[in-house]
There are 2 protein chains.
Amino acid sequence: MRKISESTVRRLCGYLRLLEEFQRAGKTTVSSDELALRGHTTPAQVRKDLSFFGSFGKRGLGYDVCDLTERLRDIMGLDKNYRVALIGAGKIGSALVQYRGFSDRGFDIVSVYDNDETKVGTSWGDVAVRHVSALESDLAVAPIQIAIIATPASEAQATLDRLVQLGIKAVLNFAPTQLDHPADVTVQNVNMAVELETLSYALRSCG
Amino acid sequence: MRKISESTVRRLCGYLRLLEEFQRAGKTTVSSDELALRGHTTPAQVRKDLSFFGSFGKRGLGYDVCDLTERLRDIMGLDKNYRVALIGAGKIGSALVQYRGFSDRGFDIVSVYDNDETKVGTSWGDVAVRHVSALESDLAVAPIQIAIIATPASEAQATLDRLVQLGIKAVLNFAPTQLDHPADVTVQNVNMAVELETLSYALRSCG
DNA sequence: TACTATTTGTGAATCATTTCACAAACAGTC
DNA sequence: GACTGTTTGTGAAATGATTCACAAATAGTA
Ligand SMILES: NC(=O)c1ccc[n+]([C@@H]2O[C@H](COP(=O)([O-])OP(=O)(O)OC[C@H]3O[C@@H](n4cnc5c(N)ncnc54)[C@H](O)[C@@H]3O)[C@@H](O)[C@H]2O)c1
Ligand SMILES: NC(=O)c1ccc[n+]([C@@H]2O[C@H](COP(=O)([O-])OP(=O)(O)OC[C@H]3O[C@@H](n4cnc5c(N)ncnc54)[C@H](O)[C@@H]3O)[C@@H](O)[C@H]2O)c1
């Protein structure tokens, strides 16, 4: 299939969120116009984004909310649950494991790793922190699909290398550093410093 | 000045980070090739990005590390410090206030607000949590330039509206929802759910 | 000074994404 | 069933971003 741009994929997430909202509100159909308005984009963009995957609407009517929700979930691979491991039981890791929003969407943090002996064994929500040296043997028994790197930046590359070695293909990285990795591994960065600096750039003109 | 694309601005942040690394490593000059290699881009892209703002290099030699660092800081508006307010003293807010990475870069979280009476008055690092109703009067006395929204999604739009009313022009939003705002206000979203869903999409093919 | 080896800065060319515009499809109504 | 008012799906056009390719600039060397 044709390569889909990252911006399209990100917009699809947005449509899905809106559809869930519409569903909760009891709406049964929705038009590209409505999705565009609420999603900060244009009707043509909405239709083009969807058209890469098929034609899900009815001309003159719009899209069936439930049907399109299902289709999008399917397209995005959100019809299944993912087992996620968190590496780095620090401040940000703590917020992440306690957050219900991820498991609500099918991303279950099933294990937490750290290299600090004083943290190993302590209970974090449902799971006990394990020593990062157990990573290899643990994953052999109970595989995961996604890893979250929440270690200090200095440890991030080595951590990623280990994860790659273990065959992990999807990583969410919180360390503020650009990591090297093979092309078949997807690394998504959450870089809050960049977001703040983008704000700084935007404020230039405001005095 | 010509409109600079967001991707260019984000890459500039990356160059800046690399330059600081090079500086720590004692390097005095750097070429677009080196920046490209470490920054996961191309030499032509690096030069084009910089060329929007001027010509900072020396042909045959490359860029002076210190000079280019300074220029980029200036371009990005990072030569000054920013006063930042955090709205929502929850799990993610806790990680953010404790994080030194922001103040290191000139973003100082100078106040924390919540609407939960049991949290108001408790000490969070240097600052005491204040009731969100004090926002207006506080900012009249000690203005801030950037606000971080870390409230539940249901409260995010109303919170943003208040901030806009107060004249805030730059907001970092952690709530997983698309917020409406005037064109002269910049809102950067940190949406981890979208990043995870992008990973899910990438994993489609991997079985 | 002349020659070499680099590396920048930038128009032009290519590639990607967004927007436009309209025929085709459909529900509702008379 | 014909007519009306919508709204989709999609090529074509426009816009935007990246890559190419090369002249111009510079340091070093002899
Ligand atoms: N806290 C924030 O708000 C915030 C914001 C933006 C970015 N970040 C980034 O997120 C990362 C984590 O930040 P934090 O504030 O949670 O830091 P932290 O110091 O609180 O936590 C890091 C944890 O990683 C553990 N660790 C160190 N090396 C390890 C290794 N090799 N394997 C496994 N665990 C290891 C440490 O023991 C510690 O528990 C950092 O890269 C930081 O720059 C944090
Ligand atoms: N925790 C995470 O890892 C995480 C990850 C991704 C996104 N988020 C998002 O970040 C936001 C905060 O998440 P959290 O986990 O910290 O939640 P939380 O419930 O721990 O914290 C939210 C805080 O906001 C306060 N609050 C509620 N209404 C308020 C208002 N009107 N004004 C000021 N404060 C108000 C609450 O009292 C609470 O202290 C949410 O929108 C969440 O979806 C969190």
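Quick note on labels: first sequence line is chain A, next is B, and so on, each numbered from 1.
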Q: DNA chain D: B:R59 or A:G60, which has the more 5' nearest nucleotide?
A: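 Counting from the 5' end, the first nearest nucleotide belongs to A:G60.
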Q: Hey, could you give me the CD1/CZ distance between A:I148 and A:F107, rounded to the nearest 0.5 Å?
A: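 Spacing of CD1 (A:I148) from CZ (A:F107) equals 9.5 Å.
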Q: Think A:Y63 has a side-chain N or O under 4.0 angstrom from the OP1 or OP2 of C:dC26?
A: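 Answer is no, no contact under 4.0 Å.
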Q: Select one nucleotide: of C:dT8, C:dC22, C:dA24, the one nearest the side-chain heavy atoms of A:R47.
A: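 Closest of the options to the side chain of A:R47: C:dC22.
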Q: Working to the nearest 0.5 angstrom, can you tell me the gap between B:I149 CD1 and B:Q157 CD?
A: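 Going from the CD1 atom of B:I149 to the CD atom of B:Q157 covers 8.0 Å.
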Q: Tell me the interatomic distance from A:L61, atom CG, to D:dG9, atom P, rounded to whole angstroms.
A: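 Atom-to-atom, A:L61 to D:dG9, this comes out as 11 Å.
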Q: For B:H40 and D:dT19, what is the distance between atoms NE2 and P respectively, to the nearest whole Å?
A: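 For the pair B:H40 NE2 and D:dT19 P, the rounded distance is 14 Å.
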Q: Expressed in angstrom and rounded to an integer, what is the separation of B:L68 atom CG from C:dT8 atom C1'?
A: 12 Å
Q: Please determine whether the number of non-hydrogen atoms from other residues, nucleotides or ligands lying under 6.0 Å from atom CD of B:E21 exceeds 12.
A: yes
Q: Once you round to the nearest 0.5 Å, how far does CG of A:D114 lie from CG of A:L86?
A: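 If we round to the nearest 0.5 Å, A:D114:CG and A:L86:CG are 9.0 Å apart.
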Q: For A:R73, is there an ion pair with A:E20 - N to carboxylate O distance below 4.0 angstrom?
A: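 Between A:R73 and A:E20 there is a salt bridge, with a charged N closer than 4.0 Å to a carboxylate O.
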Q: For the pair made of CZ in B:F56 and C1' in D:dA25, what is the distance, rounded to whole Å?
A: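 In whole Å, D:dA25 C1' lies 17 Å from B:F56 CZ.
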Q: Using whole Å, report how far CZ of A:R10 lies from P of C:dA16.
A: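 Between P of C:dA16 and CZ of A:R10: 20 Å.
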Q: Under 4.0 Å between a side-chain N/O of A:S31 and OP1 or OP2 of D:dT7, yes or no?
A: no
Q: To the nearest Å, give me how far apart CD (B:E34) and C1' (C:dT7) are.
A: 11 Å
Q: Evaluate the ring planes of B:H40 and A:H181, with Trp represented by its six-membered ring, and classify them as parallel (under 30°), tilted (30 to 60°) or perpendicular (over 60°).
A: perpendicular
Q: Between A:R10 and B:E195, does at least one N-O distance fall below 4.0 Å, as a salt bridge requires?
A: yes
Q: Please give, in whole Å, the distance from D:dT19 P to B:D33 CG?
A: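 Rounded to whole Å, this separation is 14 Å.
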Q: Could you list, one pair per line, each protein nitrogen or oxygen that sits under 3.5 Å from a nitrogen or oxygen of nucleotides 17-19 of chain C, together with the distance?
A:
residue: C:dT18; atom: OP1; partner: A:R11; partner atom: NH1; Å: 3.1
residue: C:dT18; atom: OP2; partner: A:R11; partner atom: NH2; Å: 2.9
residue: C:dT18; atom: O5'; partner: A:Q45; partner atom: OE1; Å: 3.3
residue: C:dT19; atom: OP2; partner: A:T42; partner atom: OG1; Å: 3.4

